[in-house]
Enquirer: 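Can you keep this structure in mind? I'll have questions shortly.
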Amino acid sequence: MIPPVLSSLIQVFIFPGFIFILSYAMFCEWVSRKFVARLQNRVGPLYTGWEGILQPLADSIKLLAKEDITPKAADKFVFALMPVAVFALPLTAIFLIPIQSLTNLWGYSPIVSFEGDLIIVLFLLSVIILSIFLAGWSSANRFGIIGATRAALQMLAYEIPLGIAMIGPAIFARSLSIGKIVEWQAQSMHNFLSAPNLMAIPVALLLAVGFIICTVCLLAELELRPFDSPEAETEIVHGWQVEYSGKKLGLLRLGHDVKLVLASALLTSLFLGGPIGPWPIPPVVWFLLKTAVCVLILSNASALFARLRIDQMLGGSWRYLAPLSILYIMAVQIIAGLM
Amino acid sequence: MAMAKELLKNAREKPCTLLYPFEKTAPPEGLRGKHVFVGEKCIGCGLCARVCPAFAIELLGGRGPKMSGMKVYLGRCLFCQQCEEVCPTGAIKLTTDYELAVLKQEDMVLVFERKPPEAKQPKKE
Amino acid sequence: MGKREFTIHVGPQHPALKEPENFVFKVDGEYVVDVEPRIGYNHRGIEKAMENRTYIQNLYIVERVCGICSNSHQTCYTQNVEELLGMEIPERAKYIRVLLAELERIHSHLLWLGVAAHEIGFDTLFYYIWRDREVVMDMLEEISGNRVNYAMPTIGGVRRDIAADKIPKYLKMLDVLEERTKFYKNICATEKTVLARADGVGFLSKEDAIRLNAVGPNLRASGVASDIRADSPYLVYDEIPWNVISYDSGDVFANVLVRVDETFESVNICRYCLEHLPDGPIRTIFSPLGKVPEGEAVSLVEAPRGELIHYIQSRGTDKPYRYKIRAPTLGNIPALCEKLRGGYIADIPIVLAGIDPCFSCTDRMVFVDEDRDKRWEMNGEQLRRYGVEWYK
């Protein structure tokens, strides 16, 4: 039996913590790049490893070796700190998501779990955008500042629908803990299979609506098309990232990958039943499969649209997304009350 | 969402990318590529060097019978084929060879030798 | 309120500009208040270089003024020289020149459509369009021997003939192009995010378009049906049935529609040329070291980007005495600034790309003393003296 301290250390640093998440994040980037490339009739990364699977790693190593430039006018402390924050915050949030228990092959408790950790995840998502804003602002570049303000404006637009959409399953599960929400999904699936009842249909439909709202908001959170105006390359030259180079840019890229994992992990845990699946396959495999599907959905959307202008994004969000999410939460309340 | 169908269609198809150094397309007939020079045909008139818009052709040893060869600076050449067009005997020609990348600057210069017509050689001696 | 405006420099290096040029934007938040263009980063001295080369050598220099409308420049140049020589070129050569010009227009317009998609962040459309543009590139390569610098028109005709057995294949390729362009027109007209970015963006009224001297598709998108091919037909454009395309709305979306519809017209013109190709020689002989009689000439060509003007002055030698090129983008820059004012920062790339700029063709030199706000204009003789003084 492993001593508890060692077990916690392994959980945080190796599996399912730091190293596991990092390698999975790079894998997700590869999946996303390869998939978008195939949609666009290209081949995508090809030469490093099998079908270019090591390309994200190679890119990161290359960036580590590059010259790291800090602009003269930049606020040096904030400028150096923010890439770390952008990388560390989504990683912290992933610790709250159930993937796989180390001691029990069929268990899936998260590394840290407590009542209300969903709120923490939401909070961390907002802090990520705040650090993005600070990163762009501290670089003292005009394009950087425009990108930073766009990121902050965008957050104002999608944060409320995102929060509401994520609270939906929590109301059904009567808990604000992601672990409990996953358990509720497993329980109700089990109940439905043993004794089918009609109440499951509206619940499933509502969860589907929540899933769509959540996906749209997470596209904005991840700055993927059509909501990539904070880093629009042809307009403002990668926006808030414009002055970053070398190691810091490498961290930002890794941070983006981890954010992609976090987004798909959230979608998986809140709407797709998390790491639960039919018996002979362990939870971690189910988790990886489901998140990969979410990554594909997110990257498919980014190949399908043109970039929206920031004012169109704000208008669209407040005109359609916010009312839709309020209707959704009302329906959730009513159905949950009837149950 | 107008593209959704096309996206799915393309995802099932083979990528259109050609993995260039390993896969190659045959150049079309008449592509203007690397030069060849047939020394036996050349009469040393030097028209090619005079019409070349990029001054990429240099006659070695001067015009006429004393011309001993020709240098073609590929780095300057525009591949306009004007030299081939003015050549009265068809001594200089463009092939369809399009792979012109080299590692050294010296290799960018094609040096062709021209043997003086053999019939004239015994007379001189 | 205080001073809320600040300036943004777009260019000389910027992802939205494929060539170095500087635009200084005065912005208030996300709105563009004013814009000041500065051209001249890419001046290559081509006109001067042409004065030092023979007429045949100049064919290939003038072709390299622009990477995309190379054939238009060459056609314009050959027309000038032929006018000075009093030379009439064979019918077949005229048809082949028209064919080349229209293929070039198809390639240029599809390229523009792809770039426009890229500027609004629709990379998928960009990849697809550029993939399908390869059809016309292959066709040009097969006809002329090169993808970009075709080197087809020469003084007195064209340099290569079109093989009769290849014509059915070319016609089939044109069908593919037409079908794909129809598909992309449909995408642009139905995809909501494209409409959101193109419809009503970068407006230019009809009056402004005429006042600011806009040319080409940019002018026709503002409702002025003006096209050199129709207004003063050159080659055989008066024999071929085709229509001038124009749309009234004056925005980027009208630009898209004008260019897409012109592509259809071009496909039809190409078909007509291939089907009605007259027999006969393809060139009359002009000696490679020939001299051109004294005189001056101006020729106009409708390049894919608009009206192209070349002026030539000859003093009876084997080299032109003076050559002057007015590329279409120069005419479009004042209109471009008008389009950019009052828009969003996010619309800068698409509006900039909307005129299909080609800055390297445009660049020219002006003597300016910024400190004293003074500028000089010189005529040819003064310039020559200035040069002599400078190097004394």
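Residue numbers begin at 1 in each chain, while the letters A, B, ... track the order of the sequences.
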Enquirer: Are there over 12 heavy-atom neighbours, none belonging to F203(C), within less than 6.0 Å of that residue's CZ?
Expert: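 Above 12, so yes.
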Enquirer: Looking at K76(A), I want to see if its NZ is surrounded by more than 12 non-hydrogen atoms of other residues, nucleotides or ligands under 6.0 Å.
Expert: yes
Enquirer: Taking atom CZ of R341(C) as the centre, does the number of heavy atoms from other residues, nucleotides or ligands within less than 6.0 Å exceed 12?
Expert: yes
Enquirer: Which answer fits V201(C), side chain, backbone, both or neither, if we ask what part of it has an atom under 4.5 Å from a heavy atom of chain A?
Expert: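 Contact with chain A involves the side chain of V201(C) alone.
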Enquirer: Got a sec: does the OH of Y47(A) have more than 12 other heavy atoms crowding it under 6.0 Å?
Expert: yes
Enquirer: Roughly how far, to the nearest 0.5 Å, is CG of N41(A) from CG of D132(C)?
Expert: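 Taking CG in D132(C) and CG in N41(A), the distance rounds to 9.0 Å.
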Enquirer: Any side-chain to backbone donor/acceptor pair from Q40(A) onto Y128(C)? Under 3.5 Å, distance only.
Expert: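 Side chain of Q40(A) to backbone of Y128(C), a donor-acceptor pair under 3.5 Å: no, none is there.
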Enquirer: Can you confirm whether Y320(A) is buried at OH, in the sense that more than 12 heavy atoms of other residues, nucleotides or ligands lie under 6.0 Å from that atom?
Expert: no
Enquirer: Check for a donor-acceptor pair, side chain of T193(C) on one end and backbone N or O of R307(A) on the other, with a separation under 3.5 Å.
Expert: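 A pair under 3.5 Å: no.
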Enquirer: Counting only heavy atoms not in E134(C) (residues, nucleotides, ligands), do more than 12 fall under 6.0 Å from its CD?
Expert: yes
Enquirer: Spell out, as yes or no, whether a donor-acceptor pair under 3.5 Å connects the side chain of R309(A) to the backbone of Y344(C).
Expert: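 Checking the backbone N and O of Y344(C) against the side chain of R309(A), no donor-acceptor pair under 3.5 Å is found.
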Enquirer: Mind checking whether R142(A) and V27(C) have side chains closer than 4.5 Å, heavy atoms only?
Expert: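 R142(A) does not reach V27(C) side chain to side chain.
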Enquirer: R197(C) side chain to A306(A) main-chain N or O, any donor-acceptor pair under 3.5 Å?
Expert: no
Enquirer: Between atom CD of E191(C) and atom CZ of F305(A), what is the distance when rounded to the nearest 0.5 Å?
Expert: 6.5 Å
Enquirer: Heavy-atom distances under 4.5 Å only: say whether I348(C) touches chain A with side chain, backbone, both or neither.
Expert: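 Contact with chain A is absent: no heavy atom of I348(C) under 4.5 Å.
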Enquirer: Could you give the distance from CD1 (I8(C)) to CD1 (I145(A)), rounded to the nearest 0.5 Å?
Expert: 9.5 Å
Enquirer: Any idea which of T124(C), V10(C), L125(C), L352(C) has the most non-hydrogen atom pairs under 4.5 angstrom with chain A?
Expert: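 Among T124(C), V10(C), L125(C), L352(C), the one with the most close pairs to chain A is T124(C).
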Enquirer: Nearest 0.5 angstrom please: I146(A) CD1 to I345(C) CD1, how far?
Expert: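 I146(A) CD1 to I345(C) CD1: 3.5 Å, rounded to 0.5 Å.
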Enquirer: Count the heavy-atom pairs under 4.5 Å between each of D123(C), V194(C), I350(C) and chain A, then report the option with the highest count.
Expert: D123(C)
Enquirer: Using non-hydrogen atoms only, which part of D311(A) is less than 4.5 Å away from chain C: side chain, backbone, both, or neither?
Expert: side chain
